[in-house]
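A quick write-up on the structure given underneath.
Naming: A, B, ... by sequence-line order, numbering from 1 per chain. The shown structure was predicted, so the numbers you read here are calculated from the model rather than taken from an experiment.
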Protein chains: 2
Amino acid sequence: MVTTNFNSRFIDNPLNCPVTRAMSIIGGKWKPIILNCIGDKQIRFGKLNQIIPSISNKVLSSELKEMENFGLIKRVEYTEMPPRVEYSLTTAGKTLLPILHELASWGNTNTAKKIIKEFA
Amino acid sequence: MVTTNFNSRFIDNPLNCPVTRAMSIIGGKWKPIILNCIGDKQIRFGKLNQIIPSISNKVLSSELKEMENFGLIKRVEYTEMPPRVEYSLTTAGKTLLPILHELASWGNTNTAKKIIKEFA
DNA sequence: ATTTGTGGTTACCATAAGGTTACTGGTTTT
DNA sequence: AAAACCAGTAACCTTATGGTAACCACAAAT
């Protein structure tokens, strides 16, 4: 059972509201997309940039770094030339997969598609 | 089965990536929190403002209006004095509850709490 | 006569998030 | 000799998001 603490006067305080906590960690324009792209794979920086073409390398880099700091992403650097870096989800990061799955699932509903079609 | 379309060159295009669609509809600082607060209830504007004290009435108002336009929220106005307005989720809006539940559930993990503690 | 309650709106402002462009190093390929 | 590859970084700029404070209508209660 999940205690969502509806009656708290501090429901919007990250320390007390679970939804706020979650959103302040994985909210933002790119994080869920990046996490979803990594999924269960190991994936290189350039490959991520290729399947998410409209993110700039600067932003991709900083988002990855932030999630690495959070302990959600593992970064493995191979000292080759040219360099190779592989990103993957940590065990902690994989606990996010149910959220990403629900997001993807809902994003595939006609409800979501219609809203996007009308307002985007 | 969910087609997440990992190999698309347009995964970040709202028209083609389900996660991007979902996030561009319910992303942002307040929407998931508001939706979660409404839940299965009918709830008044003032009550929302009370349980989410740090949102301004301007922002609460505009977020509600946007989600009403999306067809996720129903707004019922009672022409009394002083006025009374009740918000609730539409049928479409209730399809978001699994996402909100996963968010709340993950936000209650120690993983999430530790990250918030360290970085907030 | 003034305050209270309710659900907002308006005008204005601050900040952080995100975007753009150019650049790097060392090896291999053209 | 030049260009490509890869994984970024640095400096700079733009814009969307959200925040603040004041104000409104109307009736009832003090």
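The aromatic rings of B:F45 and B:Y87 sit tilted relative to each other, their planes meeting at an angle between 30° and 60°.
Rounded to whole Å, atom P of D:dA16 lies 13 Å from atom CD of B:E66. Put simply, CD1 on A:I52 is 14 Å from P on D:dA7, counting in whole angstrom units. Summarising the geometry, the separation between CD on A:E80 and P on D:dC6 is reported as 11 Å, rounded to the nearest angstrom. The separation between B:I34 atom CD1 and D:dT17 atom P is 14 Å, rounded to whole Å. With rounding to whole Å, B:N49 atom CG is found 12 Å from C:dT6 atom P. B:Q42 has its CD atom 13 Å from the P atom of C:dG7, to the nearest Å. One can place CD of A:E77 at 9 Å from C1' of D:dA7, the figure rounded to the nearest angstrom. Rounded to an integer number of Å, the gap from B:Q50 CD to C:dG8 P is 16 Å.
Contact annotation: the side chain of B:S24 approaches that of A:I116 to within less than 4.5 Å [non-hydrogen atoms, C-beta and beyond]. The shortest side-chain heavy-atom distance between B:L96 and B:I25 does not fall under the 4.5 Å cut-off. For the pair B:I26 and B:I99, the minimum side-chain heavy-atom distance is below 4.5 Å. Side-chain contact between A:T95 and B:W106 is present, with at least one heavy-atom pair separated by less than 4.5 Å. Counting heavy atoms from C-beta outward, A:I52 and A:W30 have side chains that approach closer than 4.5 Å.
What you find for A:L103 and A:P32 is that their closest heavy atoms are CD1-CB, 4.3 Å. Between B:I34 and B:M67, the shortest heavy-atom contact is CG2-CE, 3.9 Å. Taking each heavy atom of B:C37 and B:L48 in turn, the nearest pair found is CB-CD2, 3.8 Å.
Between B:R84 and B:E77, no side-chain nitrogen of the basic residue sits less than 4.0 Å from a carboxylate oxygen of the acidic one, so the salt-bridge criterion is not met.
Using a 4.0 Å cut-off, some side-chain N or O of A:R44 falls inside it from OP1 or OP2 of D:dA7.
Residue B:Y87 is classed as a sugar-phosphate contact, given heavy-atom separations below 4.0 Å to backbone atoms only.
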Inset, instruction - Determine, for nucleotides 9-23 of chain C in 5'-to-3' order, which nucleotides have protein heavy atoms under 4.0 Å from the base (write B), from only the sugar-phosphate (write S), or from neither (write -). - result: B-B------BBB---

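For the residue pair A:R44 and A:N49, no side-chain donor N or O sits within less than 3.5 Å of a side-chain acceptor on the partner.
When base pairs are accepted only as Watson-Crick or G-U wobble with both N-N or N-O distances under 3.5 Å, DNA chain D takes part in stems of 3 or more pairs at C:1-30 with D:1-30.
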Show me the protein contacts with nucleotides 25-29 of chain C, counting only N or O atoms at under 3.5 Å.
none

